[in-house]
Amino acid sequence: MSAPVGIDELLERVRARYTRVDPQAAYEAWRDGDALLVDIRYQALRERDGVIPGAVVVERNELEWRLDPQGSHRLPEAVSHEVRVVVICNEGYASSLAAASLHALGLRRATDLTGGFQAWKSAGLPTTPAPTPTEAPA
């Protein structure tokens, strides 16, 4: 049995398996049609800080089901294991673990955004206010 590792060591090990991308590189890859941006932040953060236009919102607990090209609940964008997915969380920590999980599913081009949404926003890249939920009819 292996000795337990702390989260910092786990993140280091996970991140050593792939190349992370910075906000500008992620933006350019998305703009050029070479990346699917996937925002896994929870709703309260999206409402507070806004969203990235063109990013697909997938709650973290649904990520693997939505991006598995072989899955019955996959998104239309999850067409193959060759799709380059850039996972975005708030600050770039949870997204690293999420990208590792996608690698385990065979999505070898999955990566995450260094610094997360906050780095994207700080870089002056496009954001918009999150859509407000529509009210249910009375």
Side-chain angles (χ1 to χ4, degrees):
M1 180 183 248
S2 301
V5 298
I7 189 62
D8 293 329
E9 184 177 340
L10 179 62
L11 276 173
E12 187 177 312
R13 288 180 185 182
V14 163
R15 289 173 174 168
R17 297 181 196 153
Y18 62 90
T19 303
R20 301 176 80 205
V21 295
D22 66 31
Q24 189 63 42
Y27 173 73
E28 290 170 7
W30 171 79
R31 183 194 63 207
D32 295 343
D34 186 41
L36 174 65
L37 303 180
V38 179
D39 186 344
I40 63 168
R41 294 175 303 139
Y42 52 90
Q43 185 174 350
L45 288 176
R46 294 190 311 269
E47 289 174 358
R48 183 189 77 189
D49 295 335
V51 296
I52 297 171
V56 176
V57 173
V58 178
E59 297 283 340
R60 174 61 190 99
N61 63 323
E62 297 180 356
L63 184 69
E64 293 81 1
W65 284 267
R66 299 293 185 215
L67 292 178
D68 178 4
Q70 299 173 339
S72 59
H73 299 293
R74 70 177 179 83
L75 292 172
E77 296 89 348
V79 295
S80 83
H81 287 91
E82 299 306 312
V83 172
R84 183 176 184 197
V85 175
V86 178
V87 183
I88 303 164
C89 68
N90 194 49
E91 294 181 342
Y93 296 99
S95 58
S96 294
L97 299 175
S101 182
L102 294 178
H103 274 256
L105 284 175
L107 292 157
R108 63 177 185 80
R109 296 182 70 208
T111 187
D112 76 309
L113 183 66
T114 305
F117 180 86
Q118 296 306 320
W120 177 282
K121 193 172 180 178
S122 291
L125 294 168
T127 63
T128 60
T132 55
T134 56
E135 294 182 18

When hydrophobic residues are tied together by side-chain contacts of less than 4.5 Å, even through go-betweens, does Leu75 share a cluster with Val85? yes
Within-4.5 Å side-chain heavy-atom neighbours: Pro23 and Leu113: yes
Only pairs at least two apart or in different chains count here, so list each salt bridge (charged side-chain N to carboxylate O under 4.0 Å, His left out) that has a residue in residues 95-109. Asp34-Arg109, Glu82-Arg108
Can you hop from Tyr42 to Val51 via hydrophobic side chains spaced under 4.5 Å? no
Closest non-hydrogen contact found for Tyr18 with Ser95 is OH-O, 4.5 Å
Chi angles and distances behind the side-chain contact (heavy atoms from CB on, under 4.5 Å) call for Arg84, Val21: CA-CA 11 Å; Arg84 183 176 184 197; Val21 295; 3.3 Å; yes
Establish whether Leu107 and Leu63 are linked, either directly or via other cluster members, by ILVMFWY side-chain heavy-atom contacts under 4.5 Å. yes
Quick one: does any side-chain atom of Trp120 pair with a main-chain N or O of Pro126 as donor and acceptor, under 3.5 Å? yes
Evaluate the side-chain contact (heavy atoms from CB on, under 4.5 Å) criterion for residues Leu37 and Ile88: first the C-alpha distance (whole Å), next the side-chain angles of each, then the deciding distance (0.1 Å), finally the verdict. CA-CA 7 Å; Leu37 303 180; Ile88 303 164; 4.0 Å; yes
Could you go step by step and tell me if Phe117 and Thr127 meet the side-chain contact (heavy atoms from CB on, under 4.5 Å) rule? CA-CA 9 Å; Phe117 180 86; Thr127 63; 3.7 Å; yes
For Ser96 against Val14, the heavy-atom pair lying closest together: O-CG1, 3.3 Å
Leu105-Trp65 co-clustered via ILVMFWY side chain contacts under 4.5 Å: no
For the student: nearest non-hydrogen atoms of Cys89 and Ala94, plus distance: SG-N, 3.6 Å
Please report the C-alpha distance between Arg74 and Leu67 in whole Å, then the side-chain angles of each, then the deciding distance to 0.1 Å, and finally whether the side-chain contact (heavy atoms from CB on, under 4.5 Å) criterion is met. CA-CA 5 Å; Arg74 70 177 179 83; Leu67 292 178; over 6 Å; no
Return the set of residues passing salt bridge (Lys or Arg N to Asp or Glu O under 4.0 Å) with Arg17 (not counting sequence neighbours), or none when no residue passes. none
Tell me which pairs pass salt bridge (charged side-chain N to carboxylate O under 4.0 Å, His left out) where either residue lies in residues 61-71, with sequence neighbours left out. Arg60-Glu64, Glu62-Arg66
Quick check for you: to the nearest 0.5 Å, what is the distance between Leu45 atom CG and Asp39 atom CG? 9.0 Å
Identify, with sequence neighbours excluded, every residue that meets salt bridge (Lys or Arg N to Asp or Glu O under 4.0 Å) alongside Glu59. Arg46
Here the gap from Ile7 atom CD1 to Leu10 atom CG, rounded to the nearest 0.5 Å, amounts to 4.5 Å
Closest approach of Arg41 to Asn90 (non-hydrogen atoms, all atoms of both residues): CG-N, 3.5 Å
Can you name the nearest heavy-atom pair linking Asp112 to Gly92, along with the distance? OD2-O, 3.7 Å
Just grab all the salt bridge (charged side-chain N to carboxylate O under 4.0 Å, His left out) pairs involving residues 87-99, residues at least two apart or on different chains. none
According to a hydrophobic-cluster definition based on side-chain heavy atoms being under 4.5 Å apart (Ile, Leu, Val, Met, Phe, Trp, Tyr only), do Leu125 and Ile52 belong together? yes
Are any of the side-chain heavy atoms of Val5 and Arg13 separated by less than 4.5 Å? yes
Keeping the roles fixed (side chain from Thr111, backbone from Thr19), state whether a donor-acceptor pair exists under 3.5 Å. yes
Is there any ring-ring contact (aromatic ring centres under 6.0 Å, His included) pair reaching into residues 73-93, and which pairs are they, with sequence neighbours excluded? none
